Amino acid sequence: MSKLAYLGGEPITENLLSSSELISCAELERKYLVEAYKSGKWDDWPGEDSMAARFQREWAQFNNSDFCALISNGTHGLQLALESLDIGVGDEVIVPGLTWQATASVVCDVNAVPVLVDIDPKTLCIDPDKVEQAITTRTRAIIPVHLYHRMADMDRLLEIAHDRNIYLIEDCAHSHGSIWGDKNVGIMGVFGSFSFQRSKLMNSGEGGALLMQDEQLYWKVVSQRSCGREYNNYRVHSGNYRITSFQAAILRGQLAAHYQNADTIDRMGKILDDAVAQAPGVEPLTRHEKNNRQCSYAFVFLYDPAAFDGLHNSTFRAALSAELGQYFDTTYTPLSHSEVYYPHTKKRHQLNAEYVKAINPSGWDLPVADDVWQNRAVLAQWTIFGCLEQRAHLLTDAIVKIYENRHQLLNKQAKK
Ligand SMILES: Cc1ncc(COP(=O)(O)O)c(C=O)c1O
């Protein structure tokens, strides 16, 4: 039994990613950037053939969407989706309790109440049964997030939204290019919102996009992102949520790469899931049969501390990181006690005592999300999908090695 790297032994590999199968189109990005610069059309103005207009068309086409509107970032995209649906004071919006804070904080930013709902422990996405239980007469929308390494159960959620006459807005910040049945992610809900922030599968530093299938909604969003200028007889006060053509230029190059990377991410995701399935005390997330392409923002699997005789997840992750030369983390902190979600502290949200109480996240109980976050999740960033297929077994080997050495780790844990 060889000594664990975490305890001073030789690692299984210095770096699981000896090289990457994911491609980049940096030359194309540069070419489009120069073109955008020379064109003099540096912003995203409706009706102009700017670089932004071109990427807008290409992103719609990649996702088989009728309309796309570029937005300054994914947070503003979700906010404008809610505003374009006239969701605000007195309304409730159901969001998952495990997500980046933006999914919920935008609901407060339009003065509605985010209702935090627990997740399905097999996918880490919002639990449709709990969504049904959370619906009230005030519910106007559900925002499922296709979180990390799975899509939310769109069949169930679309049925619930349809039966209860509420809107469904897909938060696709983690899922550029996933497919459910024959539908692209982002075109099943009334809106699909994407982020192009630095950590995402496609990155322009900052940036976002909304997909929609209704022309009237498209013009509403165009008006909302552009200071409330009147378009198509729509006129509601707003601010500036526009992107620049320089961001769009980079995104055109990123999209060219993503046409290829999307399938690689899906294929390697399955292969890494299989590698996990062959190891003791861990399991892959459950993949729905309609999840035909999974473009994951992170690779996640589930750890069972009991199978490792009580070894804490954080020690397991540290040992795995040391064996594979890749950092393994846990999930976001659930929103009920997240370090970045405390909307009740902001003066702008102090509408009245009842509202402040309703948006205080500590009022929500999310036992499944808490358990996943504290004890179960093992997460690596999406670049791991560049791993060569013939090296995926190293993941199994590393977990087996940790399992066989668990008592040494338990001793170390006890001495701390
Ligand atoms: C699930 C989710 N939704 C929304 C956002 C917001 O996107 P942005 O950072 O572009 O505002 C993020 C970004 O991290 C996210 O992870």
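This is a predicted model, so every value here is computed, not measured. Whatever order the structure lists ligands and atoms in, that order sets their numbers, starting from 1.
Counting the atoms of ligand 1 from 1 in the order shown, those under 4.0 Å from a heavy atom of Thr99 are 1 (C). Residue contact check: Val145 has heavy atoms under 4.0 Å from atoms 1 (C) of ligand 1. Close approach to Thr103 involves these atoms of ligand 1, each under 4.0 Å from a residue heavy atom: 3 (N).
Contact annotation for Tyr148 and ligand 1: no heavy atom of the residue comes within less than 4.0 Å of the ligand. With a 4.0 Å heavy-atom cut-off, ligand 1 is reached by the backbone of Thr75 and by its side chain too. For His174, every heavy-atom contact with ligand 1 shorter than 4.0 Å involves the side chain, none the backbone.
In terms of N/O distances under 3.5 Å, ligand 1 is approached by Gly74. Geometrically, ligand 1 and Gln197 share no nitrogen or oxygen pair separated by less than 3.5 Å. Considering backbone and side-chain atoms alike, Lys200 places an N or O below 3.5 Å from some N or O of ligand 1.
Listed for the Asn240 side chain is a donor-acceptor partner under 3.5 Å among the backbone atoms of Arg242.
Taking a 4.0 Å cut-off on heavy atoms, His76 fails to register as neighbouring ligand 1. The closest approach between a heavy atom of Tyr332 and any atom of ligand 1 is below 4.0 Å.
Comparing Ala173, Ser175, Gly207, Ser193 against atom 2 (C) of ligand 1, the shortest heavy-atom distance belongs to Ala173. Comparing Ala104, Ser195, Ala102, Ser105 by heavy-atom distance to atom 7 (O) of ligand 1, the nearest is Ser195.
A donor atom on one side chain and an acceptor atom on the other are found under 3.5 Å apart for Gln413 and Thr315. In this structure, a donor-acceptor pair under 3.5 Å is absent between the side chains of Gln254 and Ser204. Side-chain polar atoms of Thr139 and Arg164 form no donor-acceptor pair below 3.5 angstrom.
Considering only non-hydrogen protein atoms, atom 12 (C) of ligand 1 sits nearest to Trp100 CD1, 3.5 Å. Protein heavy atom closest to atom 4 (C) of ligand 1, with residue, atom name and distance, is Asp171 OD2, 3.5 Å.
With Pro144 as the fixed residue, the side chain to side chain contact (heavy atoms under 4.5 Å, CB included) test singles out one of Asp171, Leu168, Val95: Leu168.
Lys122 has a carboxylate O that lies under 4.0 Å from a charged side-chain N of Glu283, or vice versa, which qualifies the two as a salt bridge. A salt bridge does not link Arg156 with Asp153: every distance from a Lys NZ or Arg NE/NH1/NH2 to an Asp or Glu carboxylate oxygen is 4.0 Å or more. A salt bridge is defined here as a Lys NZ or Arg NE, NH1 or NH2 lying under 4.0 Å from an Asp or Glu carboxylate O, and Asp49 with Arg57 meets this definition.
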Self-check item: side chain to side chain donor-acceptor pair (under 3.5 Å) between His149 and Asp273, worked out
Solution: CA-CA 10 Å; His149 191 36; Asp273 286 343; 3.0 Å; yes
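Taking the six-membered ring for Trp and thresholds of 30 and 60 degrees, Tyr259 and Phe62 have ring planes more than 60 degrees apart, a perpendicular arrangement.
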